[in-house]
Amino acid sequence: MPELPEVEVVRNGLQPAVTGATIESVEVLDERSLKRHDGPAEDFVERLTGAQLRGAVRRGKFLWLPIERVGDAPAEALVAHLGMSGQVLLREPQAEAAPLTRIRFALAHPVHGPLRVDFVDQRIFGSMAVDALLPTRDGAAAGFGLPLASIPSQVAHIARDPLDPAFDERAFLRRLAAKRTTIKRALLDQTLVSGIGNIYADEALWAARVHYDQPTESLSRPRARALLDEVRIVLRRALDEGGTSFDAQYVNVNGASGYFSRSLRAYGQQGTPCARCGRLIVREQFMNRGSHFCPRCQRIRRVRSSTA
DNA sequence: AGCGAGCCCTGCGCGC
DNA sequence: TGCGCGCAGGGCTCGC
């Protein structure tokens with residue numbers, strides 16, 4: 001659910017609270033939220049208790065907090081993925097656990113004092129884990145938030161996201177053209193480009209007037225580049241508006257909703273007129289979820305690209 | 001390679 | 001009021 005903008009809003013809110021803070025205690029209320037952790041809950045708790053947090057980093061929809069034990073460079077990180085319904089909430093130290101809280105942390109910050117971080121997740125598709133940090137292959141910073149060129153092992157296969165300064169646009173376009181699949185599938189493939197989910201895929205495709213089932217091999221390079229531009233535009237705009245909230249499921253670290261749902265042009269807009277041409281937006285089943293598009297503006301084009 | 005299906009889960013809104 | 005169904009911002013694994 002949370003896509004790049006929503007995860008970035010969380011990272012941004014978390015950063016000042018966790019940077020330099022020490023984890024005093026960890027409480028695992030539901031072990032299912034540790035499914036990505038390689039080891040029992042006791043191990044998770046033990047590796048985090050007393051550790052110091054260096055900051056908050058994000059690549060695509062993955063978020064992690066590098067940790068260090070006195071003096072050493074970070075070798076491990078607390079990794080979080082929000083899945084469909086995960087939240088990270090900053091709370092007062094004495095606050096009661098909100099419903100569906102799965103993991104709680106008590107932090108001590110040298111400036112802000114004691115504070116609590118709650119990982120809340122209705123569907124438990126999200127998870128937390130302590131994971132080893134590995135050097136990035138290209139030597140660049142692993143993600144947004146810290147100039148640290150190491151990445152959790154379980155995030156290493158995730159491509160850089162299109163807002164990352166080290167995102168290799170030429171390599172992306174080359175790989176996209178070489179794929180034998182359709183365009184929405186490719187946009188959702190986190191090993192090709194990360195951070196895009198069902199909402200922003202539909203929004204970017206609408207903006208670029210590309211049909212979701214357009215074969216990637218038939219997408220000309222200029223159109224592919226234009227689509228990538230639209231992806232960036234929609235991600236940035238959503239970020240500026242605090243992300244997309246439909247209900248209390250997605251909120252920032254303080255429990256507040258984002259406003260981008262008012263700006264959606266395709267996602268969830270079935271039955272309403274296309275903002276460009278007035279034709280009604282339709283919803284079709286695709287990859288076991290909905291695809292929303294304008295049947296007039298977004299048609300499959302049988303135009304071959306010039307590549308041989 | 002790529003793709004569909006199945007799996008991990010809970011809760012909401014809807015129609016009957 | 002109650003129940004069953006379909007729906008939901010994701011991702012991993014398996015077998016074809």
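Quick note on labels: first sequence line is chain A, next is B, and so on, each numbered from 1.
In this structure, of C:dC12, C:dA8, B:dG2, it is C:dC12 that holds the atom nearest to the side chain of A:R36. Checked against B:dC9, B:dG11, C:dC7, the side chain of A:Q285 finds its nearest nucleotide in C:dC7. For A:R185, the side-chain atoms get nearest to B:dG4 when compared with the rest of C:dG10, B:dG4, C:dA8. When the nucleotides C:dA8, B:dT10, B:dG2 are ranked by their closest atom to the side chain of A:M84, C:dA8 comes out on top. Closest to the A:R289 side chain, of the nucleotides B:dG2, C:dG10, C:dC7, is C:dG10. When distances are taken from the side chain of A:L100 to each of B:dG11, C:dG10, B:dG2, the shortest belongs to B:dG11.
Panel note: side chain A:R36, backbone A:M128; no donor-acceptor pair is recorded below 3.5 Å.
With a 6.0 Å cutoff to the six-membered ring centre and a 45° limit on the axis angle, A:R276 counts as a cation-pi contact of A:W206.
Exactly one residue among A:F125, A:F62, A:W64 makes a ring pair (Phe, Tyr, Trp, His ring centres under 6.0 Å) with A:H81. That residue is A:F62.
Between the CD1 atom of A:I124 and the P atom of C:dC12 there is a distance of 18 Å, rounded to whole Å. Counting to the nearest Å, the C1' atom of C:dG10 and the CD1 atom of A:I196 are 14 Å from each other.
Between A:H81 and C:dG10 there is no side-chain N or O to OP1 or OP2 distance below 4.0 Å. At the phosphate of B:dC8, neither OP1 nor OP2 sits under 4.0 Å from any side-chain N or O atom of A:R123.
Rounded to the nearest Å, the gap between the P atom of B:dG6 and that of C:dG6 is 15 Å.
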